[in-house]
*Asks:* 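I'd like to ask you about the structure that follows.
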Amino acid sequence: MADNAEVRSLDQLETFLHQTEKFRTQLSAEIENLSLELRRLTNWLTNDVHSYWSDELVKSQRRLSECRDVLSRCMSYVREDERRPCTEEKKRFRLAEERNALCQQKLKTVQAAIAFWEMERSKQHAKVARCRDLAESDMQVACNVLRDQVERLQSYAGLRAAASTQPIIAESILTGNAKVDTEERKGRTR
């Protein structure tokens with residue numbers, strides 16, 4: 001990056017300052033939105049998804065227990081001629097076992113996903129914090145320095161403009177003819 005910039009227009013410098021401040025404001029807003037989205041994802045994963053599969057596991061265990069009891073009653077018989085095939089009960093029990101296994105597998109997957117997400121979130125949190133520092137601190141300092149420079153240049157430009165409109169006064173002060181010069185100005189205003 002160059003140490004010096006060749007700026008020929010103070011208006012362009014002011015425009016750059018305003019655009020930089022606008023960018024800083026938009027960057028801060030986007031960083032806040034990103035933080036909110038990361039929090040929402042964390043809450044969804046740790047609360048909603050985890051509690052859903054935990055509840056489903058409890059329901060599937062209850063259903064499995066009920067199906068086991070029904071199948072057990074169906075298969076128990078006192079005499080040989082009372083024996084039934086219990087096909088429907090076996091089918092329901094098998095489906096309950098499959099649902100219970102699925103819920104256990106999903107709950108383990110969710111727990112692994114939460115652990116993985118916590119690691120990734122901590123990495124991303126550091127990056128977001130650096131971006132937030134950039135927007136709120138570094139860019140704010142840069143905007144303040146640029147604003148000071150623009151104000152100094154404006155004041156310098158104002159002094160130069162004032163000096164160029166009064167060359168006779170400046171010349172007479174330097175040459176010692178201030179008395180003559182003030183008399184001339186009085187004569188002009190009359």
Side-chain angles (χ1 to χ4, degrees), residues 1-2 13-150:
M1 198 156 124
L13 199 56
E14 289 173 342
T15 302
F16 177 70
L17 171 62
H18 294 301
Q19 289 174 347
T20 304
E21 289 174 334
K22 182 179 176 183
F23 173 74
R24 188 190 67 78
T25 304
Q26 290 173 341
L27 180 61
S28 294
E30 289 302 318
I31 290 170
E32 189 58 35
N33 288 339
L34 177 63
S35 295
L36 289 173
E37 287 299 318
L38 291 174
R39 258 184 261 135
R40 268 187 48 216
L41 179 59
T42 302
N43 287 335
W44 174 76
L45 194 58
T46 58
N47 296 332
D48 298 344
V49 176
H50 188 268
S51 62
Y52 173 79
W53 285 110
S54 295
D55 292 346
E56 288 298 309
L57 181 61
V58 169
K59 289 177 191 175
S60 72
Q61 289 171 340
R62 192 177 313 127
R63 178 76 178 137
L64 182 63
S65 178
E66 290 169 1
C67 289
R68 183 179 290 123
D69 291 344
V70 169
L71 180 60
S72 178
R73 274 186 299 230
C74 179
M75 294 183 78
S76 63
Y77 55 90
V78 178
R79 295 181 303 199
E80 189 65 35
D81 61 337
E82 291 178 352
R83 188 174 186 179
R84 297 185 340 197
C86 303
T87 320
E88 284 297 315
E89 290 80 1
K90 288 178 183 176
K91 184 178 180 181
R92 285 191 195 112
F93 180 72
R94 187 175 37 78
L95 290 174
E97 280 182 323
E98 289 174 3
R99 177 67 180 171
N100 187 46
L102 174 72
C103 292
Q104 288 176 352
Q105 187 261 336
K106 291 289 185 177
L107 191 58
K108 286 179 185 176
T109 302
V110 167
Q111 290 168 341
I114 289 171
F116 176 76
W117 173 245
E118 288 299 323
M119 284 188 333
E120 288 299 313
R121 187 175 66 98
S122 66
K123 292 176 192 174
Q124 299 308 319
H125 181 71
K127 292 176 183 177
V128 169
R130 284 195 304 267
C131 288
R132 183 177 283 121
D133 287 345
L134 172 73
E136 294 176 358
S137 178
D138 297 344
M139 284 195 69
Q140 182 65 43
V141 168
C143 286
N144 290 340
V145 168
L146 185 57
R147 187 178 302 106
D148 289 344
Q149 293 295 323
V150 167

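All values reported here derive from a predicted model rather than from experimental measurement. The analysis underlying the following values was restricted to heavy atoms, covering all of them including side chains, and did not include hydrogens, waters or symmetry mates.
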*Asks:* So which heavy atom on Ser35 is nearest to which on Val128, and how close?
*Replies:* OG-CG1, 3.5 Å
*Asks:* Any side-chain heavy atom of Cys103 sitting closer than 4.5 Å to one from Arg99?
*Replies:* yes
*Asks:* Taking side chain as C-beta onward, heavy atoms only, is Asn100 less than 4.5 Å from Gln61?
*Replies:* yes
*Asks:* Report yes if the side chains of Asp133 and Asp138 come closer than 4.5 Å at any heavy-atom pair, otherwise no.
*Replies:* no
*Asks:* So how far is it from Leu34 CG to Lys127 NZ, rounded to the nearest 0.5 Å?
*Replies:* 11.5 Å
*Asks:* In terms of side-chain geometry, is the basic nitrogen of Lys91 or Glu88 positioned less than 4.0 Å from the acidic oxygen of its partner?
*Replies:* no
*Asks:* Compare all side-chain heavy atoms of Trp53 with those of Thr109 and state whether any distance is below 4.5 angstrom.
*Replies:* no
*Asks:* Is a side-chain donor-acceptor pair under 3.5 Å present for Gln140 with Asn144?
*Replies:* yes
*Asks:* Is any side-chain N of the basic residue among Glu97 and Arg94 closer than 4.0 Å to the acidic one's carboxylate O?
*Replies:* no
*Asks:* I want to check something: taking the side chain as every heavy atom from C-beta on, are Arg40 and Glu37 in contact at a cut-off of under 4.5 Å?
*Replies:* yes
*Asks:* Indicate yes or no: at least one non-hydrogen side-chain atom of Thr46 is less than 4.5 angstrom from one of Glu118.
*Replies:* yes
*Asks:* Rounded to the nearest 0.5 Å, how far apart are CG of Leu27 and OG1 of Thr20?
*Replies:* 12.0 Å
*Asks:* So, does Ser60 use its side chain to make a donor-acceptor pair with the main chain of Leu57 at under 3.5 Å?
*Replies:* yes
*Asks:* In Å, rounded to the nearest 0.5 Å, how long is the span from CZ of Arg92 to CD of Glu66?
*Replies:* 11.5 Å
*Asks:* Roughly how far, to the nearest 0.5 Å, is CE of Met139 from CG of Leu146?
*Replies:* 10.5 Å
*Asks:* Which atom pair, heavy atoms only, marks the closest approach of Met75 to Cys86?
*Replies:* N-SG, 3.8 Å
*Asks:* To the nearest 0.5 Å, how far apart are OG1 in Thr42 and CZ in Arg121?
*Replies:* 4.5 Å
*Asks:* Considering only heavy atoms from C-beta outward, does the side chain of Arg24 approach that of Leu134 to under 4.5 Å?
*Replies:* no
*Asks:* Within the side chain of Ser76, is there an N or O that forms a donor-acceptor pair under 3.5 Å with the backbone of Arg73?
*Replies:* yes
*Asks:* How far does CG of Leu64 sit from CZ of Arg68, to the nearest 0.5 angstrom?
*Replies:* 4.5 Å
*Asks:* Is there a side-chain contact between Leu41 and Trp44, using heavy atoms and a 4.5 Å cut-off?
*Replies:* yes
